[in-house]
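Down below is the structure, laid out as structure tokens.
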Amino acid sequence: MGIHQTPAWQALAEHARQMQRIHLRQLFAEDPDRFTRFHRRIPGLLVDFSKNWITDRTLALLMDLAVAADLPARRDAMLRGERINSTEKRAVLHTALRRPRGASLLLDGRDVVADVHAVLDQMEHWVEAVRSGAWRGYTDRPITDVVNIGIGGSDLGPRMAVHALGAYAAKHLRFHFVSNIDPTHMARVLEVVLPETTVFLVASKTFTTQETLANAHAARAWFLRSATEADIARHFVAMSTNTEAVRAFGIDPANMFGFWDWVGGRYSVWSAIGLSVALAIGMEGFREFLAGGHDMDTHFATAPLADNIPVILGLLRVWYRDFCGLSSCAVLPYDQYLEHFPSYLQQLDMESNGKGVTHAGVPVQYATGPVLWGQVGTNGQHAFYQLLHQGTSVVPCDFLAPRAPLHPLGDQHRMLLANFLAQTEALMRGRTLEEARQALRHLPEAERERLAPHKVFPGNRPSTSIVYDRLTPRTLGRLIALYEHMVFVQGVIWDINSFDQMGVELGKELAGALLPELVPGAAVGEHDASTAALVRYLRAEDDTPAGD
Ligand code: F6P
């Protein structure tokens with residue numbers, strides 16, 4: 001029986017029809033305890049989900065759905081290392097990357113936690129050498145610039161975390177991230193670094209990714225214009241699972257930091273892929289980051305479903321997607337340090353749950369992963385919030401905010417928080433026509449009546465507030481792991497494999513076939529008329545001026 005055929009699903013569908021008529025204003029007016037019942041706290045974190053389209057019954061029915069999908073057993077299977085990545089027949093053990101030293105977890109008879117800590121120790125050795133200046137470039141100068149070359153999970157996680165933890169970062173090291181195959185990306189970085197004081201971190205789980213290998217080769221060719229092959233060892237390291245490909249590229253495996261096939265790319269910032277993060281904040285900070293992830297794992301593994309924050313928030317996503325018909329959700333951090341968090345979460349969420357068939361390969365009969373997007377506040381307020389407040393699409397929003405600033409500056413942190421609170425309140429409450437007229441009472445009646453409809457806000461727009469004490473490595477670890485587990489919860493309900501990414505393959509294959517066809521004079525393969533014409537146009541064989 002598919003999840004949509006269970007009594008729990010059908011009860012939720014019926015309940016959603018009843019909830020349609022209720023405004024959040026009414027729910028708050030009728031229930032002074034609404035916040036008390038619909039928020040949860042763990043140390044350093046408060047999650048307020050009271051401004052969502054829920055009642056006690058909604059939550060109870062969502063919990064029934066979780067039980068119907070066997071969520072606790074599926075969670076335990078992941079944490080135990082069962083091969084829940086069904087298509088690739090792999091374990092999914094990013095949680096093992098954050099288990100403390102001395103814990104143990106056997107996978108095929110091998111203690112993966114011991115392996116994890118051996119790599120962390122190797123990282124520590126190198127990271128401290130670079131940070132202290134003991135590791136020197138080929139002209140005996142200390143390292144000043146770190147260039148991470150990677151894409152997807154080998155870029156978004158480290159880039160986001162290095163930025164997020166900027167307050168704790170070594171000031172004598174500059175960090176650069178090159179991901180795009182667009183040569184502009186590498187060229188712009190090479191303009192500002194020197195070969196003798198730069199280390200390149202080539203980050204690729206598979207070490208076969210076209211963009212990363214092309215960029216790494218470009219960096220190497222640039223480096224060899226000033227240095228020799230023998231100098232490569234001091235300036236290129238790799239983070240990968242593929243020792244042979246690393247060697248073939250010309251990096252000595254002694255300068256490689258390994259990880260394992262049970263770490264998904266978008267879950268890999270906790271592994272050696274986080275080397276740039278460790279370089280930025282030091283190993284002590286990196287271990288704190290891991291401990292934050294482990295805090296959330298422990299909560300996810302042990303808290304009862306109704307108190308389990310990733311379970312509640314993951315189920316709310318399912319509620320909006322499948323029962324309320326909402327197809328997107330926004331993440332809006334009121335924290336400049338989390339500038340790259342929404343784009344990091346896009347890969348985490350959309351590459352995991354943008355799936356259309358169940359584990360058994362049967363097309364799903366319900367909607368799966370929503371479109372996730374967002375930007376920091378208050379910037380977004382001056383860009384797309386108009387649509388959030390008055391547009392015809394309802395977008396559930398996650399607001400994130402720190403209680404304390406990392407850079408106190410006059411009254412600005414309080415101004416930031418006032419804006420965060422105001423947005424959640426305005427989205428929830430809205431403004432009625434009568435209230436709009438009241439606000440315009442100083443105007444002549446005709447003018448008031450003309451303008452009032454434009455100043456109506458429907459309200460009843462759901463949001464969740466995630467408030468943390470201040471952004472530390474540990475807090476960031478908790479936040480990322482929270483979202484990882486939310487993604488997992490949704491994938492379990494939808495019975496999809498959240499841990500493969502076959503939807504990225506077709507484009508890669510076609511790009512491989514198209515590459516030689518872009519050479520002027522080469523044969524153009526079998527394509528639709530649009531693609532074939534574009535190939536010719538890009539080859540400059542069609543010189544009809546644009547616009548004609
Ligand atoms: O294109 C998808 C993808 O496989 C992502 O899942 C992954 O994070 C990215 O490419 C990079 O892969 P790799 O780390 O193997 O270079």
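Counting starts at 1 for both ligands and their atoms, following the listed order. All values reported here derive from a predicted model rather than from experimental measurement.
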For residues Arg266 and Ser352, is any side-chain donor paired with an opposing acceptor at under 3.5 Å?
yes
Determine yes or no for a side-chain-to-main-chain donor-acceptor pair under 3.5 angstrom, with Asn242 supplying the side chain and Thr206 the backbone.
yes
Do any pairs count as a side chain to side chain donor-acceptor pair (under 3.5 Å) and have a residue in residues 478-489, sequence neighbours left out, and if so which ones?
Arg98-Glu484, Trp270-Glu484, Asp295-Arg478, Asp297-His485, Asp398-Tyr483
Does one side chain, of Trp126 or Asn255, offer a donor that lies under 3.5 Å from an acceptor on the other?
no
Excluding sequence neighbours, so at least two apart, what forms side-chain contact (heavy atoms from CB on, under 4.5 Å) with Ala532?
Val524, His527, Arg536
At less than 4.0 angstrom from any atom of ligand 1, which residues have a non-hydrogen atom? List them by chain and residue number.
Ile151, Gly152, Gly153, Ser154, Ser204, Lys205, Thr206, Thr209, Gly265, Gln347, Glu351, Gln501, Val504, Lys508
Please collect all ring pair (Phe, Tyr, Trp, His ring centres under 6.0 Å) contacts where either partner lies in residues 167-198, sequence neighbours excluded, each pair once.
none
